Amino acid sequence: MHKKDAESWKITVSSDLSLNFAIYTGCIYGLIDDGSLSGENKLWPPKTWSNKLFESSIIILKEQWSQWFNNIIRDRGEKVISKQRFDLKNDMFNPPDFSGFSFLELKDCCKNAWKPFIEWWYMVGGGNNALSHFETFGNEKLYEYINDYENTVQRKVKPFNLYIDTVYAGVNEIIEVNSEYMIIVPVKPLNFNKEWWMKRLALIG
């Protein structure tokens with residue numbers, strides 16, 4: 001979804017493949033701590049491949065996965081701020097062989113997870129289509145919230161740019177990476193969270 005007011009603001013919503021693949025890999029190998037999740041958010045797929053790992057390797061794989069995921073979101077956040085383009089190679093991996101992938105122990109996990117992930121991602125009822133639904137679902141609400149805010153303060157909202165990545169699971173429902181970039185799990189569509197939007201608009205000014 002891409003919404004833009006000619007005078008002052010732009011909101012882009014994307015269902016990014018790289019973030020969702022990282023989460024899929026972390027879930028299926030049991031590398032994500034579900035105790036850190038809140039609300040209705042759950043991990044999927046189940047950690048069905050965790051039994052393929054040696055116990056001694058799980059700690060280092062969890063550390064590497066966390067570094068990889070944090071690197072991806074930091075890189076994407078910086079690119080949003082500087083208005084650079086995204087691509088898979090720059091998002092820390094080069095599928096399907098993952099040549100140049102810097103986390104050597106995690107590399108085999110990624111190579112094994114890539115094929116089932118892609119099959120699920122592009123199937124009719126898979127992740128890409130499901131998340132794409134949230135790119136447009138209820139987006140008319142955004143205009144309503146911005147209009148309500150502008151009527152309250154009796155002026156146009158200050159110019160802002162917001163890029164939102166949607167992921168299907170694996171993180172808390174909202175991760176605000178920086179002032180222009182955030183990640184959400186659309187357990188409850190953010191477009192219908194008026195309280196959150198009004199607070200966000202108040203911070204923008």
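Numbering starts at 1 and runs along the sequence shown. Predicted, not measured: the structure shown is a model, and the values here were computed from it.
Within the 3.5 Å criterion, the main-chain N or O of E180 finds no donor-acceptor partner in the side chain of N161. The backbone N or O of N147 lies less than 3.5 Å from no partner atom in the side chain of E150, so there is not a single donor-acceptor pair. Judged by distance alone, the side chain of D75 and the main-chain N or O of N71 form no donor-acceptor pair under 3.5 Å. For N20 (side chain) and T166 (main-chain N/O), a donor-acceptor pair under 3.5 Å exists by modelled atom type.
Expressed to the nearest 0.5 Å, how far CG of D108 lies from CZ of F103 amounts to 15.0 Å. The structure places CD of E78 at 11.0 Å from CD1 of I73, a figure rounded to the nearest 0.5 Å. To the nearest 0.5 Å, the span separating NZ on K156 from CH2 on W9 amounts to 9.5 Å. With rounding to the nearest 0.5 Å, the separation of OH in Y163 from CD1 in I183 is 11.0 Å. For the atom pair I60 CD1 and E105 CD, the distance stands at 4.0 Å (nearest 0.5 Å). Going from atom CG of D148 over to atom OH of Y143 covers 15.0 Å, rounded to the nearest 0.5 Å.
I174 and M182 get closest at one heavy-atom pair: CG2-CE, 3.4 Å. Listed here is the closest heavy atom pair of P96 and W114: CB-CD1, 3.6 Å. When all heavy atoms are compared, the tightest approach of L162 to S179 is CD1-O, 4.3 Å. Annotation for V80 and Y181: closest pair CG2-CD1, 3.9 Å, computed over non-hydrogen atoms. When all heavy atoms of F160 and I204 are compared, the pair lying nearest together is CG-CD1, 3.6 Å. For the pair I72 and A22, the tightest heavy-atom approach, listed with the atom from each and the gap, is CD1-CB, 4.1 Å.
A salt bridge links D165 to R76: one of the charged nitrogens lies within less than 4.0 Å of a carboxylate oxygen. Between E176 and R200 there is a salt bridge, with a side-chain nitrogen of the basic residue lying less than 4.0 Å from a carboxylate oxygen of the acidic one.
Annotation: F21 is in aromatic contact with F98 [ring centroid separation under 6.0 Å]. In this structure, W68 has its ring center under 6.0 Å from that of F101. Residues W120 and Y168 bring their aromatic ring centres within 6.0 Å.
Using a 4.5 Å heavy-atom cutoff, the side chains of F69 and I23 are in contact. A heavy-atom distance below 4.5 Å is not found between the side chains of Y29 and I58. Using a 4.5 Å heavy-atom cutoff, the side chains of E195 and Y145 are not in contact. L131 has its side chain within reach of W121: a pair of non-hydrogen atoms, C-beta onward, lies under 4.5 Å apart.
Grouping the Ile, Leu, Val, Met, Phe, Trp and Tyr side chains by contacts below 4.5 angstrom, directly or via other members, places I81 apart from I164.
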Any chance you could lay out the side chain to side chain contact (heavy atoms under 4.5 Å, CB included) test for F117 and L17, step after step, and finish with the verdict? CA-CA 10 Å; F117 167 77; L17 184 148; 4.0 Å; yes
As a quick check of understanding, evaluate side chain to side chain contact (heavy atoms under 4.5 Å, CB included) for N112 and I28, giving each step before the final call. CA-CA 10 Å; N112 292 333; I28 203 167; over 6 Å; no
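No side-chain donor from either of D16 and S14 sits under 3.5 Å from a side-chain acceptor of the other.
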